[in-house]
Amino acid sequence: MSDSQRPTGGGPSSDTRHPTGLRVTLRALWRVLVVGWQFVPFVVAWARDRKRFVVVGRSRSVSSEDRTRRARRLKATFLDLGPAFIKLGQMLSTRPDALPREYIDVLAELQDKVPPDPWDDIEPLLERELGGPLSERFDEFDTSPISGASLGQVYEAELDGQRVAVKVLRPDIRERVESDLRVLSTLTPILTYGADPAQAFTLENLTEEFAATIRREMDYAHEARMLHEIGESFADTDDVAIPDVIESHTTDRVVTMSYVDGVKIDDVARLEELGVDRERLVQRLEEVYIQMIVEDGRFHADPHPGNLAVQPDGTLVFYDFGMTGRLGARTREQLMEFYVGLATDDVERVMDAFVAMGALDPMADREVMREAFEIVIKQFRGEDISEYRIEQLVGEFESQLYEFPMRLPQDLALVVRVTTVLEGVCRTLDPEFDFIEVITDYVMEQGATDMSGALREEIQETVTQSARSTVTALPRAEAALDTVARDELVLEAILEDSDGLARQMAIRLLLGIVAAAGIPVAAFLFVTTTVEATAFAVAGTVITLGVIGWSFRRQRRAGLSTPQFTRHEMRRRHEDER
């Protein structure tokens with residue numbers, strides 16, 4: 001078949017991309033047993049957290065060290081279970097709304113590097129996909145892979161005198177992944193049933209999102225399209241290199257692209273030898289990602305050092321577009337609002353941006369959520385925006401995302417992933433680099449044209465007020481220290497009882513005194529008066545004890561009530577109102 005006859009981006013039908021049939025079903029049944037057995041220790045630990053002896057006893061407190069130890073065990077389990085679960089772990093590492101921070105940190109270490117499949121299995125797949133012997137389709141082909149991952153592996157070849165890279169999907173990987181996706185869809189309801197209400201609705205949608213993500217990553221025709229689209233955005237940019245797709249040698253299982261050489265971006269020693277300006281390199285890397293995310297709405301979503309390289313003249317090279325993200329115009333606008341809210345210390349604006357982006361239920365209790373966001377922003381109040389550290393900022397928000405029922409849509413989860421991974425890369429190259437400062441400059445200089453002036457003035461005003469606070473704070477602090485030294489410091493404390501706890505405790509104490517007095521009174525009446533009077537005194541004592549017990553029971557129930565901002569609760573409320 002000639003190049004002109006072969007359809008661009010052709011390949012098997014969608015049915016082949018999502019295999020079905022008896023083989024997939026049987027493998028899924030077997031995998032249910034394998035996966036279930038692997039997760040038995042986690043289920044037992046979870047049950048003992050709720051009841052110390054599984055069915056009886058008080059709940060156990062789980063420390064941060066315990067969660068870290070379990071996260072490492074979970075990471076090892078994902079590695080043992082293979083490609084789909086490795087990818088699942090990588091996805092979970094971007095979902096602070098589903099797991100505690102300790103799990104996020106550990107799962108972020110997951111790398112999907114596995115031994116390559118033998119060439120005898122790869123060659124027939126390549127020839128079938130490309131429509132002929134490799135000796136006819138390429139001038140030369142090196143049969144030793146230059147890189148490999150859980151889903152595919154990459155080879156170097158020569159085509160029409162041009163050096164190319166050939167990325168091929170592993171044989172039978174779609175059937176294996178599809179079987180595991182069925183296992184996950186079977187186990188998800190069980191996990192949802194046992195999850196806390198705050199995470200239940202997040203887990204309900206996680207499997208579906210993961211299935212869509214990994215299927216798209218196994219569709220190399222989609223990767224080729226993203227390579228082409230993102231490459232076009234930087235076609236006229238001299239310091240950014242993105243491989244060109246060789247469409248005649250690309251299908252949904254094979255993508256052939258121009259070979260672009262470069263030094264790994266975290267090879268600091270080699271970059272120093274080449275004389276690359278690392279500060280400028282980091283600045284440019286951030287600018288490119290801001291353009292992809294905020295302006296273009298299409299972005300490379302896996303910026304770990306293996307996928308980023310640098311050429312001697314400082315040109316940035318991007319590899320592996322299997323994981324990419326798209327943001328609509330509305331989401332990009334709200335993402336800008338989110339950045340501005342952080343820069344201007346505007347909690348309401350931050351919450352409105354979260355609602356608009358679908359990360360926060362619009363019917364959520366804003367008072368409760370405001371407290372959550374203020375916990376984060378208060379730590380930075382009064383400081384210059386350029387002093388923020390994105391790692392601290394994202395870490396604080398991640399902890400709030402886990403504690404409260406907010407759900408990150410997949411596209412925003414990818415933005416979080418890009419931000420955190422990129423932060424590590426940038427700090428390797430320049431420990432003093434500040435991502436928030438770049439964001440602030442971008443908002444001030446390249447914001448929406450109809451609002452850029454207002455946004456710039458707003459941020460400048462905030463920064464000015466921060467600087468003014470810093471200047472005035474030092475003399476005030478010195479005056480306060482002088483007052484303390486003269487023993488003239490007077491402290492006035494006002495205790496607020498917004499929940500009526502003091503009144504409640506006073507009532508309980510009074511009732512307790514009445515109940516305690518009821519027993520000797522009943523005994524005295526029994527000796528000196530009638531049985532009816534005694535019975536009346538005993539009944540009064542029992543009723544008083546019952547009221548005390550009921551007050552404690554009601555308090556426990558209130559503490560364990562369903563959060564009012566989960567989607568299930570919102571649906572129930574809506575039905576009740578009708």
Point to revise | Heavy-atom pair with the smallest gap, counting every atom of Pro305 and Ile265 | key: CA-CG2, 4.0 Å

Review point. Just one of Ile214, Leu151, Leu169 clears the side chain to side chain contact (heavy atoms under 4.5 Å, CB included) bar with Arg174, so which one?
Key: Leu169

Practice item. Can you sort out the partners of Gln291 under side chain to side chain contact (heavy atoms under 4.5 Å, CB included), two or more places apart, ordered by chain and number? Key: Phe234, Glu295, Asp296

**Study point:** Criterion side chain to side chain contact (heavy atoms under 4.5 Å, CB included) against Phe138, the qualifying member of Leu126, Val166, Asp160
**Key:** Val166

Review point. Going by atom types alone, do Arg298 and Ser233 pair a side-chain donor with an acceptor below 3.5 Å?
Key: yes

Check your understanding: Under 3.5 Å, is there a donor-acceptor pair between the side chain of Thr331 and the main chain of Met357?
Key -> no

Point to revise | Worked check of side chain to side chain contact (heavy atoms under 4.5 Å, CB included) between Tyr103 and Leu74 | key: CA-CA 9 Å; Tyr103 285 81; Leu74 180 63; 3.9 Å; yes

Review point. Taking Arg170 for the side chain and Ala149 for the main chain, is one N or O donor matched with an acceptor at less than 3.5 Å?
Key: yes

Revision key, fill the gap. Nearest heavy-atom contact between Asp139 and Gly161 is OD2-N, 3.1 Å

Check your understanding: Is any side-chain heavy atom of Gln162 closer than 4.5 Å to a side-chain heavy atom of Ile246?
Key -> yes

Review point. Does any non-hydrogen side-chain atom of Phe338 lie less than 4.5 Å from one of Val350?
Key: yes

Review point. Just wondering, are more than 12 heavy atoms of other shown residues or ligands nearer than 6.0 Å to CD in Glu279?
Key: no

Review point. Should Leu414 and Leu412 count as side-chain neighbours, where that means a heavy-atom distance under 4.5 Å?
Key: no

Exercise for review: Can you see which heavy atom on Leu110 is nearest to which on Phe78, and at what distance?
Suggested key: CD1-CD1, 4.3 Å

Point to revise | Min side-chain heavy-atom separation Val254-Thr256 under 4.5 Å | key: yes

Review point. If you look at every heavy atom in Ala241 and Val260, which pair is closest and at what distance?
Key: CB-CG1, 4.1 Å

Practice item. Determine whether Leu88 and Phe210 make a side-chain contact, defined as any pair of heavy atoms from C-beta on separated by less than 4.5 Å. Key: yes

Review point. How long is the gap from CD on Glu217 to CZ on Phe321, to the nearest 0.5 Å?
Key: 13.5 Å

Exercise for review: Identify, with sequence neighbours excluded, every residue that meets side chain to side chain donor-acceptor pair (under 3.5 Å) alongside Asp302.
Suggested key: Asn307, Arg417

Point to revise | Glu127 with Arg137: basic N within carboxylate O range, under 4.0 Å | key: no

Point to revise | Qualifying residues under side chain to side chain contact (heavy atoms under 4.5 Å, CB included), relative to Arg31, sequence neighbours excluded | key: Arg27, Val34, Leu81, Phe85, Asp180, Val183

**Study point:** Residue pairs passing the side-chain hydrogen bond (donor to acceptor under 3.5 Å, both in side chains) test where at least one lies in residues 309-324, sequence neighbours excluded
**Key:** Lys167-Asp320, Asp313-Thr315

**Study point:** Flag side-chain contact, heavy atom, 4.5 Å: Leu271 against Val310
**Key:** yes

Check your understanding: Taking only residues two or more places apart in sequence, or in another chain, which ones meet Glu65 in a side chain to side chain donor-acceptor pair (under 3.5 Å)?
Key -> Ser63

Exercise for review: Spell out, as yes or no, whether a donor-acceptor pair under 3.5 Å connects the side chain of Thr251 to the backbone of Glu129.
Suggested key: no

Point to revise | Met336 and Val294, any side-chain heavy atoms less than 4.5 Å apart | key: yes

Review point. Is Arg427 salt-bridged to Glu432, cutoff N-O under 4.0 Å?
Key: no

Review point. Going by the ring pair (Phe, Tyr, Trp, His ring centres under 6.0 Å) test, which pairs reach into residues 256-298, not counting sequence neighbours?
Key: Tyr289-Phe318

Check your understanding: Can you find a heavy atom in the side chain of Leu316 that is under 4.5 Å from one in the side chain of Arg284?
Key -> yes

Exercise for review: Mind checking the CG-CG spacing from Leu308 to Asp266? Nearest 0.5 Å is all I need.
Suggested key: 9.0 Å

**Study point:** Worked check of side chain to side chain contact (heavy atoms under 4.5 Å, CB included) between Glu272 and Arg278
**Key:** CA-CA 8 Å; Glu272 286 291 331; Arg278 286 187 285 142; 2.8 Å; yes

**Study point:** Counterpart residues, side chain to side chain contact (heavy atoms under 4.5 Å, CB included), relative to Thr143 (two or more places apart)
**Key:** Trp119

Exercise for review: For Arg69, enumerate each residue passing the side chain to side chain donor-acceptor pair (under 3.5 Å) test, keeping only those at least two apart in sequence or located in another chain.
Suggested key: Asp66

Exercise for review: Might you work through the side chain to side chain contact (heavy atoms under 4.5 Å, CB included) test for Val418 and Phe299, ending with a clear yes or no?
Suggested key: CA-CA 9 Å; Val418 167; Phe299 58 95; 4.0 Å; yes

Check your understanding: Roughly how far, to the nearest 0.5 Å, is NE2 of His300 from CG of Leu422?
Key -> 10.5 Å

Review point. For Pro171 and Ile122, which heavy atoms make the closest approach, and how far apart are they?
Key: CD-CD1, 3.7 Å

Revision key, fill the gap. For Arg70, the side chain to side chain donor-acceptor pair (under 3.5 Å) test, sequence neighbours excluded, returns Asp49

Point to revise | Partner residues of Glu232 under the salt bridge (charged side-chain N to carboxylate O under 4.0 Å, His left out) criterion, sequence neighbours left out | key: none

Exercise for review: Test Met226 against Arg326 for side chain to side chain contact (heavy atoms under 4.5 Å, CB included), laying out the working first.
Suggested key: CA-CA 10 Å; Met226 294 304 292; Arg326 285 185 181 271; 3.4 Å; yes

Practice item. With sequence neighbours left out, write down each residue that passes side chain to side chain contact (heavy atoms under 4.5 Å, CB included) with Pro116, or none if nothing qualifies. Key: Pro145, Gln153

Review point. Which heavy atom in Val425 sits nearest to a heavy atom in Pro303, and how many Å separate them?
Key: CG2-O, 3.6 Å

Point to revise | His228, NE2 atom: more than 12 neighbouring heavy atoms under 6.0 Å | key: no

Check your understanding: Can you tell me if Glu102 and Thr68 form a side-chain donor-acceptor pair at under 3.5 Å?
Key -> no

**Study point:** Residues that Asp430 engages under salt bridge (charged side-chain N to carboxylate O under 4.0 Å, His left out), provided they are two or more places apart
**Key:** none

Review point. From Asp267 CG over to Glu273 CD, what is the distance, rounded to the nearest 0.5 angstrom?
Key: 8.0 Å

Point to revise | CZ on Arg280 to CG on Leu285, rounded to 0.5 Å | key: 11.0 Å

Check your understanding: What distance separates Glu337 CD from Gln334 CD, expressed to the nearest 0.5 Å?
Key -> 5.5 Å

